[in-house]
Protein chains: 4
Amino acid sequence: MTDQAPTTSPEGGTVTFMFDPDEDRLHEECGVFGIFGHKDASALTALGLHALQHRGQEAAGIVAFDGQRFHSERRLGLVGDHFSSQAVIERLQGHASIGHVRYATCGDTHLRNVQPLYADLATGGFSVCHNGHITNALTLRQDLIREGAICQSTSDTEVILHLVAQSRKPRFIERFIDALRMIEGAYSLVALTNKKLIGARDPLGIRPLVLGELDDGTPILASETCALDIIGARFVREVENGEVVVITEDGIESLRPFPKVEPRPCIFEYVYFSRPDSVVNGRSVYEVRKKMGFELGREAPCDADVVIPVPDSGVPAALGYAYETGIPFELGIIRNHYVGRTFIEPTQQIRALGVKLKHNANRAVIEGKRIVLVDDSIVRGTTSVKIVQMMYEAGAREVHMRISSPPIRYPDFYGIDTPEQQSLLAATHSLEEMREYIGVETLAFLTPDGIYRAMGYDKRDPVRPQFTDHCFTGDYPTPLTDREGSRGMARQLSLLAEAG
Amino acid sequence: MTDQAPTTSPEGGTVTFMFDPDEDRLHEECGVFGIFGHKDASALTALGLHALQHRGQEAAGIVAFDGQRFHSERRLGLVGDHFSSQAVIERLQGHASIGHVRYATCGDTHLRNVQPLYADLATGGFSVCHNGHITNALTLRQDLIREGAICQSTSDTEVILHLVAQSRKPRFIERFIDALRMIEGAYSLVALTNKKLIGARDPLGIRPLVLGELDDGTPILASETCALDIIGARFVREVENGEVVVITEDGIESLRPFPKVEPRPCIFEYVYFSRPDSVVNGRSVYEVRKKMGFELGREAPCDADVVIPVPDSGVPAALGYAYETGIPFELGIIRNHYVGRTFIEPTQQIRALGVKLKHNANRAVIEGKRIVLVDDSIVRGTTSVKIVQMMYEAGAREVHMRISSPPIRYPDFYGIDTPEQQSLLAATHSLEEMREYIGVETLAFLTPDGIYRAMGYDKRDPVRPQFTDHCFTGDYPTPLTDREGSRGMARQLSLLAEAG
Amino acid sequence: MTDQAPTTSPEGGTVTFMFDPDEDRLHEECGVFGIFGHKDASALTALGLHALQHRGQEAAGIVAFDGQRFHSERRLGLVGDHFSSQAVIERLQGHASIGHVRYATCGDTHLRNVQPLYADLATGGFSVCHNGHITNALTLRQDLIREGAICQSTSDTEVILHLVAQSRKPRFIERFIDALRMIEGAYSLVALTNKKLIGARDPLGIRPLVLGELDDGTPILASETCALDIIGARFVREVENGEVVVITEDGIESLRPFPKVEPRPCIFEYVYFSRPDSVVNGRSVYEVRKKMGFELGREAPCDADVVIPVPDSGVPAALGYAYETGIPFELGIIRNHYVGRTFIEPTQQIRALGVKLKHNANRAVIEGKRIVLVDDSIVRGTTSVKIVQMMYEAGAREVHMRISSPPIRYPDFYGIDTPEQQSLLAATHSLEEMREYIGVETLAFLTPDGIYRAMGYDKRDPVRPQFTDHCFTGDYPTPLTDREGSRGMARQLSLLAEAG
Amino acid sequence: MTDQAPTTSPEGGTVTFMFDPDEDRLHEECGVFGIFGHKDASALTALGLHALQHRGQEAAGIVAFDGQRFHSERRLGLVGDHFSSQAVIERLQGHASIGHVRYATCGDTHLRNVQPLYADLATGGFSVCHNGHITNALTLRQDLIREGAICQSTSDTEVILHLVAQSRKPRFIERFIDALRMIEGAYSLVALTNKKLIGARDPLGIRPLVLGELDDGTPILASETCALDIIGARFVREVENGEVVVITEDGIESLRPFPKVEPRPCIFEYVYFSRPDSVVNGRSVYEVRKKMGFELGREAPCDADVVIPVPDSGVPAALGYAYETGIPFELGIIRNHYVGRTFIEPTQQIRALGVKLKHNANRAVIEGKRIVLVDDSIVRGTTSVKIVQMMYEAGAREVHMRISSPPIRYPDFYGIDTPEQQSLLAATHSLEEMREYIGVETLAFLTPDGIYRAMGYDKRDPVRPQFTDHCFTGDYPTPLTDREGSRGMARQLSLLAEAG
């Protein structure tokens with residue numbers, strides 16, 4: 001899910017300025033989890049969300065249903081900080097539960113935007129949480145308000161609630177599918193009613209969603225398999241693209257409300273977002289990353305003394321690159337594990353430090369060496385510049401850079417928080433200009449075909465690409481209704497600025 | 001305004017048990033304030049709410065409009081604790097502002113129920129706050145949900161938002177009046193749009209609302225005149241029963257959407273709720289209370305040495321009683337000013353103490369005396385029992401009790417938090433039984449006609465009573481739709497339990 | 001007790017500016033309580049401190065001894081906010097307990113200064129709390145540091161700990177008396193060891209301290225009798241001037257380490273500090289205040305329509321004045337009960353309001369009237385000016401002022417927080433200048449002999465005054481060593497600025 | 001520094017039970033930092049402490065001196081959470097500053113124990129912070145109390161304050177050295193007076209301390225070189241064993257108050273504590289760890305398919321082991337970066353999970369493989385058991401374990417938080433018993449001589465060992481006075497239990 005008004009900013013609250021040492025990274029916006037028919041439903045949901053914490057650190061929420069009432073707890077901050085106590089879990093009574101973690105955007109942090117959302121419908125209580133982005137949400141929201149609906153949040157997810165509420169179909173599941181047919185974009189949804197746990201994945205299966213089960217057969221939905229591992233659950237299968245999975249006391253039913261098409265999952269789950277120990281769409285993320293490093297080593301070898309990963313996401317690709325090229329792998333950059341995501345009103349010294357707050361050169365393996373840095377991607381390039389400089393200051397004789405994915409030239413509109421296109425280094429610089437900007441001897445990216453080879457294909461199918469890869473190619477797989485029709489859409493948005 | 005689900009309780013949150021030394025009192029549920037066209041709109045609203053703090057201590061909120069955007073701050077706790085800093089007021093930019101204080105119910109304290117409420121409508125932003133209670137809110141809410149509306153709070157006030165949103169009238173003010181025509185009960189509303197400040201009072205004018213102005217002509221709406229005094233504003237007039245006052249840059253317009261009827265304001269504003277320095281419906285509250293004491297002295301004199309008020313609300317009536325009877329007035333009960341409204345998880349000792357936390361006998365004026373205690377009302381009677389006992393323990397020779405209003409026999413449904421009828425002492429006990437229960441030598445209440453005399457009438461007009469006085473008489477002035485049609489209405493309510 | 005460095009200010013902390021609506025009042029600095037041999041010792045101590053809350057609102061602390069260990073809880077804020085929960089009281093295990101409330105000075109609020117203080121001595125644990133001020137504490141502190149002692153707080157009370165610790169006497173009680181013999185000034189101490197509860201009052205008995213007992217004989221020490229009332233304890237007697245009361249399992253022992261002199265208690269306990277329901281040195285505070293009003297009525301009658309007290313401390317004197325003069329008593333000023341003591345970073349509007357935050361004119365009894373305001377004292381006079389102005393704005397025809405104590409011309413050094421002498425209105429203005437400054441028709445103070453008459457004497461004994469009354473007379477009853485020897489004493493003080 | 005009373009437990013506070021996923025690790029107890037003569041002294045201290053955060057996460061403090069006054073801020077929690085804002089740094093004015101981070105012990109977390117400590121001495125203000133442990137602190141403390149000193153904390157560091165305060169030497173530095181001569185054990189101290197920044201290292205140099213400088217010559221003291229790197233400072237030299245470095249405006253002076261002996265630094269800084277990018281006593285920690293892996297590979301090769309490090313501290317040794325043995329290195333265990341150190345009142349589910357909260361098996365590189373796990377040490381062994389089990393559950397065919405240091409058989413008394421000896425797995429189990437307990441095919445530790453080879457020596461010198469290595473050998477390098485003389489020493493300790 002995505003807040004629709006990230007740019008209408010100075011939204012009150014007490015935060016006046018924030019410094020984010022991770023700002024030059026892509027950010028995923030959510031992880032979802034659901035479980036049905038277990039006495040410890042909420043405790044297991046909390047653990048699952050903890051395993052999905054890398055997908056969003058801003059806020060977390062859980063809604064549980066105890067057979068009579070829904071219970072909700074939503075908090076800004078980490079799962080472990082707010083959902084690890086017995087007292088909180090006891091308040092979330094019930095045998096069915098869904099939960100959500102959300103990415104930390106700056107400034108626009110209102111509790112009312114934290115998921116799962118909930119509504120009393122004529123058919124009963126309904127709670128939903130969402131990973132992805134609805135690309136016609138603004139358009140739909142405008143229509144809904146014109147019809148008299150009242151939107152309480154600025155989240156695209158709320159549109160789903162209203163569409164379900166306003167459907168005239170008699171049965172809940174029909175209403176839910178009515179709603180799905182009206183929304184465009186990428187979504188993996190987990191929803192809870194007083195009878196059902198529902199998982200739904202958009203027609204292309206852009207964002208991930210898996211089905212698992214505990215030893216006793218309790219069904220589970222989760223964004224990634226690592227959330228199954230933590231509670232000892234077994235991976236059953238992917239929820240398929242365009243599939244709606246309905247879990248009740250009578251078992252699991254699979255609905256297919258959309259025409260059958262080939263799946264086209266987001267390739268960035270492999271490059272950066274998913275945890276390396278997860279298996280996404282049947283592939284080990286760790287193995288795929290290592291293979292990206294192999295392919296990169298084949299495509300762009302380097303005459304260097306040592307391979308140095310940019311931690312942590314660059315490590316598997318660096319290992320692959322090292323194994324392919326035979327250059328020794330060393331931890332030449334040490335990460336400070338105690339860096340929070342953001343600093344509020346930081347001192348000038350902190351702002352000047354930038355990447356050194358989080359990373360330090362390990363001089364012992366750098367000094368006097370020709371090094372090749374391996375990273376997974378370049379967004380704005382500002383962090384790369386600083387890391388390269390840090391390497392030279394630590395005595396590197398030569399610094400080369402290898403990137404284990406193709407250049408990012410286009411922004412995402414499906415739930416990844418990318419900067420505007422003009423801020424993407426590769427959108428405005430040639431390879432040589434990038435090399436010069438970053439300050440390295442040589443720079444190379446993995447080719448589009450290279451990344452498809454790492455995924456197990458011969459090459460990218462230009463007619464019917466196997467993955468959602470618009471960040472590299474500009475080939476957006478769905479309509480971008482809000483964006484195309486943005487006749488001042490932003491102005492239609494909520495005018496209410498509220499502090500949490 | 002009233003939460004519609006005060007009994008669907010154990011709503012999570014961290015509060016497990018609370019002890020309220022004021023529990024044996026009636027509780028008002030709100031105060032409202034609005035100002036239009038002043039550069040310090042929010043600062044003045046905060047001061048006005050501070051003066052209205054006696055009408056509600058649970059939470060406070062302010063919404064301001066700066067010509068472009070609405071800004072909202074809503075907090076649990078006192079106005080002075082949350083709205084006195086420059087930083088908060090600066091966030092509430094704008095020349096128009098409305099605010100609300102809310103009574104402290106136990107347990108059901110969710111920020112989402114704190115007012116003013118806000119919605120983006122097709123006609124623009126709309127914010128509203130409410131003092132009173134809508135007696136057909138549940139019925140309307142059920143209809144709204146059936147039509148596909150999504151209710152985010154359990155507050156009756158939210159129904160107004162939806163009714164305005166769903167009206168098909170083209171102009172905002174027509175939609176607002178459409179909504180008023182559908183609601184029943186008691187309400188004094190203050191609302192803000194991007195063009196207008198609106199004040200509205202129900203057809204009978206049950207809850208108070210006044211219009212004032214600053215020296216520069218800035219118009220102000222407030223529950224009581226004491227909120228005008230604090231900012232140096234002049235009282236202009238009452239908003240009349242059934243009147244809608246629309247304040248824009250072009251001035252003040254008065255609309256009368258309802259058939260003209262005689263006003264029938266709530267008599268309890270004089271007995272207990274309003275501040276003694278306020279002028280309500282043209283009468284000084286302090287003077288009315290003193291006159292209740294006069295009438296009580298006339299109706300029920302007493303052979304005693306000293307008149308002792310139960311502080312603080314009993315003081316003016318006790319003065320009146322003393323002046324009428326010639327018995328000296330003394331402060332025989334000393335109040336501890338540092339008693340907060342509630343104690344969380346109190347020790348057994350605190351619970352056993354009860355009233356002694358707040359009041360202590362002033363032995364010097366009690367010992368060996370025949371005393372007559374004057375209080376404004378008896379609800380459950382539990383506090384009276386303890387105060388009488390405290391008087392005897394301090395050496396009183398005789399204790400008599402005089403109450404400056406008639407016995408409370410019926411619950412309120414218009415925004416006063418009364419216990420169930422069976423908990424009202426006067427509903428289940430004869431006068432003699434009450435006297436015995438409370439443990440006094442003699443007990444007398446002011447008669448209904450006596451209280452009307454204190455108000456300046458010869459007597460209560462039984463055909464067309466001058467005041468809303470159902471607590472004494474059972475004569476409810478409006479339909480009680482939800483209550484009469486309560487075929488399990490409570491079950492239709494929000495099933496979501498959420499911690500703040 | 002007093003912090004010794006109130007002027008060495010900008011002490012860090014997060015408070016940048018505070019506005020105190022009570023700033024033009026005298027402030028007492030402490031209340032003490034102790035109990036020995038009761039299973040609910042700490043719960044009863046918390047209740048006793050709650051009753052003494054008027055003596056200090058900044059902070060509160062309790063130390064209990066469970067036979068093995070001492071337990072301590074010290075908090076900034078009110079007793080009811082921090083010591084009313086079962087959890088806190090359970091941590092304060094033990095059958096003996098002492099507690100302290102402390103006045104809110106601005107800025108210098110460090111938890112390390114909150115009492116009771118505690119030290120491990122060679123003789124075992126020792127905890128002490130203090131009401132008063134040691135007038136040679138700086139001098140002693142300087143000597144102690146020169147000897148190698150380490151002072152952790154800036155409180156004069158810590159000096160007592162060090163003096164006891166450094167005494168060479170073998171028995172604890174001898175060490176304690178050694179320490180008392182070295183300190184000068186005013187003190188009522190309550191102390192706890194692993195064997196004893198101790199109460200001590202300075203040789204003149206300047207600050208109050210009483211002994212009480214529960215029905216079961218449990219002994220109690222407290223600053224005022226109202227702390228006995230709240231827990232149902234009986235007043236036994238005053239701790240006498242110069243007396244040390246030692247309470248053990250074997251009973252109560254009274255020691256007299258000082259030469260016998262006549263007591264000379266602080267007269268301001270009657271004028272302003274003590275609660276009206278307390279009996280101090282054998283006199284009801286309420287009755288004394290009323291008598292001050294009588295005497296004032298005799299000395300300075302007034303041709304007026306109505307007597308109006310400045311709430312709350314002026315009420316008993318106003319009643320006395322009204323009864324003596326026959327002018328009707330009315331509540332012409334209404335107090336807002338929801339004013340906290342201080343506002344942090346208040347808006348300009350709040351600062352401009354001043355007294356109106358807390359008081360409002362009750363126009364109904366003022367308009368067109370000749371009023372006589374009765375207050376207990378004038379310190380700087382700034383509040384009086386505003387109240388008088390408020391009366392005229394409410395329509396008073398004439399305003400007269402009567403003060404029920406003599407003019408305050410000299411600062412206190414015994415635990416009352418008075419401003420510097422040049423800020424005391426009566427120290428720098430003649431009566432006529434004061435009248436003009438305050439803006440009243442007539443102004444009168446009670447005479448020194450008048451206040452002694454209210455206390456039951458014919459007049460002040462100029463040779464051996466019955467009370468400590470230097471604020472009126474400049475007759476300080478003890479040496480002021482620190483002040484006289486202040487060869488830059490302040491510079492010797494702690495240089496450490498720490499935020500709480 | 002160490003609290004002397006970790007076992008006298010239930011110390012109040014609100015923490016009732018905590019679960020620490022890192023409990024089966026050794027814990028270092030502190031990091032220190034100091035800077036003299038820089039306008040941004042406190043900001044740079046905060047950054048230095050951030051780089052030393054791995055040495056202690058419980059609390060942090062900074063004291064600065066502005067030429068007139070000392071300023072102190074001490075907080076529970078991480079440096080980045082409390083010392084990154086402009087407001088806090090501005091309160092810590094001055095050109096000289098010292099700081100401290102402290103390890104998180106459970107339960108005994110009182111702000112009064114947080115360093116730097118401060119005292120006003122006869123010679124002026126003195127602040128000190130400490131890494132290490134004074135092994136005769138209890139004995140000294142008992143003597144000090146007998147002499148009349150008052151100890152406010154339970155920290156061994158406070159003893160230093162008192163010894164300096166009580167020295168009769170005229171000059172401060174002589175007093176400081178007097179104090180050092182009385183204390184035994186391990187200490188790296190950084191201290192600040194109104195003239196000097198002082199660094200001191202115990203006679204054997206057990207805990208680390210380095211001297212660095214900024215480009216402008218500003219001198220810096222820090223526990224590790226990584227704290228120099230973060231602020232762009234240059235490493236100058238180690239502070240030597242037994243050296244006292246005195247930094248004033250006139251430059252740096254080196255004092256040698258102790259007889260010259262060979263240094264004997266703690267070997268555990270290399271095994272576990274120091275950051276891999278630090279250079280400790282002239283050796284790169286990363287390189288030493290890799291060499292431990294080499295030696296381990298030589299001493300204990302393994303017939304396996306893949307080398308898997310236990311993250312994060314096992315990674316360098318695993319790389320060394322892999323390079324030596326030729327077995328491929330893979331990240332077979334993925335760490336969750338969002339695990340806080342502790343969970344308060346965790347659910348039963350969280351407690352049952354244990355290591356899975358933090359680590360997950362990367363099934364893709366484990367399934368069907370013979371794996372060799374490389375870890376740096378085994379303490380209780382409880383974590384190792386769970387990790388091995390996790391490997392088997394992920395499909396490992398065989399699991400072998402190699403530990404890159406010798407078995408830990410003896411507790412530490414120099415500032416490392418080790419469990420009691422009976423809880424150390426290697427103290428009570430033979431190698432075969434350990435192998436069986438942990439559940440692996442084969443288990444091997446690096447030999448004592450092996451670790452000395454990794455450090456660059458032929459072998460351990462049994463007569464004059466080059467390192468403090470008692471955890472492996474039982475050879476404690478200093479007297480353990482408190483321990484040996486523990487005639488119930490614990491009972492002499494503070495009996496005061498206080499909540500922060």
Side-chain angles (χ1 to χ4, degrees), chain B residues 19 40 43-44 46-47 50-51 53-54 57 78-81 84-87 89 226 229-232 275-277 279 284-287 290 312 315-316 319 323 328-331 333-340 343-350 353 356-357 360-365 393-394, chain C residues 19 40 43-44 46-47 50-51 53-54 57 78-81 84-87 89 226 229-232 275-277 279 284-287 290 312 315-316 319 323 328-331 333-340 343-350 353 356-357 360-365 393-394:
Chain B
F19 171 79
D40 297 322
L44 295 171
L47 293 171
H50 171 65
Q53 189 79 78
H54 60 289
Q57 298 93 47
L78 297 181
V79 176
D81 292 344
S84 63
S85 81
Q86 199 62 48
I89 295 302
C226 63
D229 294 341
I230 198 170
I231 58 171
R275 252 174 55 172
D277 48 337
V279 175
S284 154
V285 173
Y286 179 83
E287 290 297 333
K290 248 180 32 184
D312 282 346
V315 173
L319 274 177
Y323 291 160
F329 169 96
E330 297 283 2
L331 297 180
I333 302 174
I334 302 300
R335 174 174 166 166
N336 184 332
H337 286 297
Y338 303 100
V339 177
F343 290 77
I344 302 194
E345 299 187 66
T347 58
Q348 182 50 41
Q349 287 79 11
I350 285 176
L353 270 194
K356 290 178 80 171
L357 270 180
N360 190 23
N362 183 6
R363 177 178 289 267
V365 301
E393 287 171 3
Chain C
F19 172 79
D40 296 323
L44 294 170
L47 293 171
H50 171 65
Q53 188 80 77
H54 61 289
Q57 298 93 46
L78 297 182
V79 176
D81 292 344
S84 63
S85 81
Q86 199 63 47
I89 295 302
C226 64
D229 293 342
I230 197 170
I231 58 170
R275 251 174 57 172
D277 47 336
V279 175
S284 154
V285 173
Y286 179 84
E287 289 298 331
K290 248 180 30 184
D312 283 342
V315 173
L319 274 177
Y323 290 160
F329 168 96
E330 295 284 1
L331 296 180
I333 302 174
I334 302 300
R335 175 173 167 167
N336 184 333
H337 286 297
Y338 303 99
V339 178
F343 289 77
I344 301 195
E345 300 187 63
T347 59
Q348 182 51 41
Q349 288 77 13
I350 284 176
L353 270 194
K356 291 179 80 172
L357 270 180
N360 190 22
N362 184 4
R363 177 178 288 268
V365 300
E393 287 170 4

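Chain naming here is simple, since letters A, B, ... match the order of the sequence lines and numbering starts at 1 in each. Predicted model only: the values in this text are computed from it and were never measured.
Ranked by heavy-atom pairs shorter than 4.5 Å toward chain C, the options B:Asp312, B:Val79, B:Val315 are led by B:Asp312. Chain C forms the most heavy-atom pairs under 4.5 Å with one residue out of B:Val285, B:Ile231, B:Asp229, B:Leu44, and that residue is B:Asp229. Annotation: maximal heavy-atom pairing with chain B below 4.5 Å, among C:Ile89, C:Leu78, C:Val365, occurs at C:Val365. Chain C forms the most heavy-atom pairs under 4.5 Å with one residue out of B:Val279, B:Asp277, B:Asp40, B:Leu319, and that residue is B:Asp277.
Put simply, the side chain of B:Tyr286 gets close to the backbone of C:Leu331: a donor and an acceptor are under 3.5 Å apart. With B:Asn336 contributing its side chain and C:His50 its backbone, the two residues share a donor-acceptor pair below 3.5 Å.
In this structure, chain C has a heavy atom under 4.5 Å from the backbone of B:Ala51, while its side chain stays farther away. Using a 4.5 Å cut-off between heavy atoms, C:Ala361 contacts chain B through its backbone alone, with no side-chain atom that close. With a threshold of 4.5 angstrom between heavy atoms, B:Ala394 does not approach chain C through any atom at all. For C:Phe329, the parts sitting under 4.5 Å from any heavy atom of chain B are the backbone and the side chain alike. Looking at B:Glu393, neither its backbone nor its side chain comes within 4.5 Å of chain C, counting heavy atoms on both sides.
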**Report entry** Verdict with supporting geometry, C:Asn360 and B:Arg275, side chain to side chain contact (heavy atoms under 4.5 Å, CB included)
**Finding:** CA-CA 10 Å; C:Asn360 190 22; B:Arg275 252 174 55 172; 3.5 Å; yes

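Between B:Asn362 and C:Pro276, the closest heavy-atom pair is OD1-O, 3.8 Å. Closest non-hydrogen pair, C:Ala364 versus B:Glu287, comes out as CB-CG, 3.7 Å.
Between B:His337 and C:His337, the ring center distance clears the sub-6.0 Å criterion.
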